Amino acid sequence: MFNKILVANRGEIAVRIIRACREMGIQTVAVYSDIDRQALHVDLADEAVCIGPAKARDSYLNAENIISATVLTGAEAVHPGFGFLAENSRFAEMCKECNISFIGPGPEVIEMMGNKAKARQMMLLAGVPVVPGVEGILEDYEHARRAAETIGYPVILKASAGGGGKGIRIVENEEGLKKAYDTARTEAKAAFNDDSMYLEKYLEEPRHIEFQILADQYGNVIHLGERDCSIQRRNQKVIEEAPSIFLASDLRQKMGDAAIRAAKAVNYKNAGTIEFLVDKKGSFYFMEMNTRIQVEHPVTEMITGVDIVQEQIKIAAGGKLEFKQEDVVIQGHAVECRINAENPALGFRPSPGRANILLWPGGSGIRLDSAIYHGYEIPPTYDSMIAKLITHGKDRNEALNKMRRALDEFIIEGIDTNIEFLFKILNNENFIHGIISTSFIEKEYTLK
Ligand code: ADP
Ligand code: ADP
Ligand code: MG
């Protein structure tokens, strides 16, 4: 096992990883930018190294500085969390060259699955259904136009290197295609420094259902069941739950088998997620694979009792999976709400500033993953997610009741949050009855 791990991230996921390490008796090194000196992850880690100015490009995305910090502190492994360098194959390669264990899959797999166009092709070869679309990337606008005509509108344009819902455009007809193609490319270039695009059929009101994979270095691959992440705003998840009430056991079995086939086809190692879209008839299609820990991993942890971050560390250190597929038992139901510093009434505009936390929710079945504390100044520089509230009950109804109760208790002053908006969704009749799709928020709420 490792003696010391450097956590190459910030916010709640850095805190989450440090907590896992402490429980395992592993020393931790935090990295931080100038603006994050007062951040909780810096305080909780055994050591902390400043890696540059506030701008992510100069600090949390600064691979050279992070590698230097790892070498200087004598850490043997780096945990990248999610976002930032988590899906950067060059960074994983640099770690390898410096004899540092990267807690995740190898650079080749990150490269392959990080490219959505390539990943699709791999899945086709593995016999995993994919959304009908072009094979490979789009050469130019004319290629996109012809492809859209063949596939039939509506279509969805996606940045091949995309993530976090960026670089995506839904196109209803040919009139809208040119503008969508141009703006999505510009957005992708700015966000991922890569403007290659591809295009597929836009499925109407599907569910987003994903499978959590764990794979060790000895060819053992299992899944920890699914998460339903259909409640989204602008292709970004807002509420997630596990299990999905939409899946009958035969469909769950089929999708789980396909997810394992997908992971095996790319010789996957460590924790990963296979994302699918599922239509009303129960047909499912591979969408993408995330080669990292996922924001919503806690809902799976609550219903399986498996600590996914600890498993990631054990796998990277050469450990063998200690359980088999049949040992995975699903208990009850879990729900997660992403709490953001933002103002829903003002188009979800970010609301950084000093957070005065008057009451944290607590009690039975409540888990709160967060990196803020009373008096903490939320910087304007990074993601607006400030906490993840997770509840666990014996069934969905109980988990939802606990969530309503916990959201109601939560009192933060000084900044705007989406807590009331989440509370509204939790009380929406369609949501309560599980009548949900990725268009749910758009359909139910007219938001400015
Ligand atoms: P999840 O799939 O785990 O729900 P998200 O899509 O919400 O993850 O992304 C988690 C975080 O990582 C967000 O802050 C998002 O902006 C960031 N992120 C995801 N993919 C990328 C990427 N390819 N490049 C940069 N940041 C990314
Ligand atoms: P990201 O890397 O940003 O997470 P994804 O490819 O996972 O991008 O897509 C994000 C979201 O966009 C999905 O969860 C889904 O809501 C929507 N989406 C993606 N592809 C399609 C599609 N073909 N049809 C309908 N919705 C889609
Ligand atoms: Mg995705």
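When a ligand or atom number is given, it counts from 1 through the structure's own listing order. What you are looking at is a predicted structure, and each value in this text was computed from that prediction instead of being measured.
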Check each heavy atom of Asn290 against ligand 2 and say whether those closer than 4.0 Å belong to the side chain, the backbone, both or neither. neither
State the atoms of ligand 2, each with its element, that fall below the 4.0 Å cut-off from a heavy-atom position in Asn235. 10 (C), 11 (C), 12 (O), 17 (C)
Test of understanding: with side chain to side chain contact (heavy atoms under 4.5 Å, CB included), list the residues that count as partners of Asp140, not counting sequence neighbours. Glu142, His143
Ligand 2 versus Leu277, non-hydrogen atoms closer than 4.0 Å: side chain, backbone, both, neither? side chain
Can you tell me how far CD1 of Ile213 sits from CD1 of Ile260, rounded to the nearest 0.5 angstrom? 5.0 Å
For ligand 2, the portion of Leu203 having any non-hydrogen atom under 4.0 Å away: both
Atoms of ligand 2, numbered as shown, that sit under 4.0 Å from any heavy atom of Gly162: 2 (O)
For ligand 2, does Glu275 get within less than 4.0 Å through its side chain, its backbone, both, or neither, judged by non-hydrogen atoms? side chain
So which of Lys237, Lys158, Glu288, Glu87 gets nearest to atom 19 (C) of ligand 2, if we judge by its closest heavy atom? Lys158
Rounded to the nearest 0.5 Å, how far apart are SG of Cys229 and CD1 of Ile436? 9.5 Å
Would you call Asp228 and Arg207 a salt bridge, taking side-chain N to carboxylate O under 4.0 Å as the test? yes
Can an N or O of Val131 be found at a distance shorter than 3.5 Å from an N or O of ligand 2? no
If you consider just the N/O/S atoms, which atom of Glu288 is the closest one to the Mg ion (ligand 3)? OE2
Checking side-chain polar atoms at under 3.5 Å, does Asn290 have a donor or acceptor matched by the opposite partner on Thr273? no
Ignoring angles and geometry beyond distance, decide whether Ile168 reaches within less than 3.5 Å of ligand 2 through its nitrogen or oxygen atoms. no
Only N/O/S atoms count here: what is the atom of Glu275 closest to the Mg ion (ligand 3) called? OE1
Less than 6.0 angstrom separating the ring centers of Phe421 and Phe348, yes or no? yes
Out of Lys201, Gln232, Met289, who gets a non-hydrogen atom closest to atom 15 (C) of ligand 2? Gln232
Salt bridge (Lys or Arg N to Asp or Glu O under 4.0 Å) with Glu301: of Arg16, Lys388, Arg227, only one passes, and it is Arg16
Could you establish whether Lys116 and ligand 2 come within less than 4.0 Å of each other, counting only heavy atoms on the residue side? yes
For Ala317, enumerate each residue passing the side chain to side chain contact (heavy atoms under 4.5 Å, CB included) test, keeping only those at least two apart in sequence or located in another chain. Met1, Phe2
Atoms of ligand 2 less than 4.0 Å from Glu200 heavy atoms? 20 (N), 21 (C), 22 (C), 23 (N)
Looking at Arg120 and Glu288, does any basic side-chain N land under 4.0 Å from a carboxylate oxygen? no
